[in-house]
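Worksheet for the structure shown next.
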Amino acid sequence: MHLFDNGPGVPHEETTAERWERARLLFDAKDYAGAARLLTAVVEEAPEQTGPRLLLARAYYHSAQLRRAEEQLRRIIDRDPVEHYAHLMLGRTLERQGRHEEATPWLRMAAAFTGELPADG
């Protein structure tokens with residue numbers, strides 16, 4: 001009996017949901033580059049979903065693909081301006097690139113969403 005495939009000798013085509021789950025497992029295992037490869041396909045197949053795009057940005061961040069992380073985070077914020085974690089990540093991504101002044105407003109916005117006071121004021 002073949003519960004998870006299309007029968008003997010028939011290859012199983014991985015669904016978007018299965019790719020998403022496998023990408024999450026790779027991310028949890030700290031295989032950020034591997035997760036990013038899978039998540040790229042997931043984001044292409046479901047561009048309206050914030051979760052996969054945010055995890056893709058995180059995978060890019062952790063694999064030092066900072067420009068790609070920045071691009072994904074800006075797309076998330078454009079679509080959902082109150083996604084507070086994307087603001088925080090964008091600020092951290094810009095900081096990691098040495099763009100501290102550019103990072104400041106994003107970090108302040110993230111703090112405002114969570115009700116935290118800025119460190120400098």
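Starting from 1, each residue takes its place in the sequence as its number. Please read all numbers here as calculations on a predicted model, not as lab measurements.
- When all heavy atoms of Ala35 and Ala23 are compared, the closest pair comes out as CB-O, 3.5 Å.
- Ring orientation note: the planes of His62 and Phe27 are nearly perpendicular, at an angle over 60° on the 30°/60° scale.
- Taking all atoms of both residues into account, the shortest heavy-atom contact from Leu38 to Leu26 is CD1-CD1, 3.5 Å.
- Annotation: side chain of Tyr60 is in contact with side chain of Thr40 (closest heavy-atom distance under 4.5 Å).
- Using a 4.5 Å cut-off on side-chain heavy atoms (C-beta onward), Glu83 and Ile77 make no contact.
- Of the inter-residue distances, the one linking Glu44 atom CD with Arg19 atom CZ reads 10.0 Å to the nearest 0.5 angstrom.
- Contact detail for His84 and Ala110: the closest heavy-atom pair is O-CB, 3.9 Å.
- One finds no salt bridge joining Glu48 and Arg79 here, because no Lys/Arg side-chain nitrogen approaches an Asp/Glu carboxylate oxygen to under 4.0 Å.
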Side chain to side chain contact (heavy atoms under 4.5 Å, CB included) evaluation trace for Thr93 with Gln97: CA-CA 6 Å; Thr93 299; Gln97 294 177 69; 3.5 Å; yes

Glu102/Arg74 under salt bridge (charged side-chain N to carboxylate O under 4.0 Å, His left out): CA gap, chis, key distance, verdict: CA-CA 13 Å; Glu102 208 177 327; Arg74 289 185 187 277; 3.2 Å; yes

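- Considering CD of Glu95 and NE2 of His100, their distance stands at 6.5 Å, rounded to 0.5 Å.
- A single hydrophobic cluster is not seen to contain both Leu88 and Leu56; linkage of ILVMFWY side chains at heavy-atom distances under 4.5 Å, directly or through other members, places them apart.
- The two residues Ala57 and Ala69 have their closest heavy-atom pair at O-CB, 3.5 Å.
- Counting all heavy atoms, side chain and backbone alike, Ile76 lies closest to Ala86 at CG2-CB, 3.7 Å.
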Stepwise side chain to side chain contact (heavy atoms under 4.5 Å, CB included) check, Trp20 with Thr15: CA-CA 9 Å; Trp20 164 239; Thr15 66; over 6 Å; no

From CA spacing to verdict: side chain to side chain contact (heavy atoms under 4.5 Å, CB included), Arg92, Leu107: CA-CA 8 Å; Arg92 296 287 180 237; Leu107 296 173; 3.7 Å; yes

Worked check of side chain to side chain contact (heavy atoms under 4.5 Å, CB included) between Glu101 and Leu94: CA-CA 9 Å; Glu101 283 185 39; Leu94 293 169; over 6 Å; no

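- Here Ser63 contributes atom OG and Arg58 contributes atom CZ; the two are 12.5 Å apart, rounded to the nearest 0.5 Å.
- For the pair Arg96 and Tyr61, the cation sits on the ring face: its NZ or CZ lies under 6.0 Å from the ring centre, inside 45° of the axis.
- Using a 4.0 Å cut-off between charged side-chain N and carboxylate O, Arg68 and Glu71 make no salt bridge.
- At a threshold of 4.5 Å between side-chain heavy atoms, the hydrophobic network of Ile, Leu, Val, Met, Phe, Trp and Tyr places Met89 and Leu66 in one connected group.
- Using a 4.5 Å heavy-atom threshold, the side chains of His87 and Arg108 count as separate.
- Looking at Arg22 and Glu18, no side-chain N of the basic residue comes within less than 4.0 Å of a carboxylate O on the acidic one, giving no salt bridge.
- By the rule that hydrophobic residues join a cluster once side-chain heavy atoms approach within less than 4.5 Å of another member, Leu55 and Tyr85 end up as members of separate clusters.
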Test salt bridge (charged side-chain N to carboxylate O under 4.0 Å, His left out) applied to Arg99 and Glu70, step by step: CA-CA 12 Å; Arg99 296 159 60 192; Glu70 178 184 349; 2.7 Å; yes

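- In the hydrophobic clustering of ILVMFWY residues, with side-chain heavy atoms under 4.5 Å counting as a link, Leu54 and Tyr32 come out apart.
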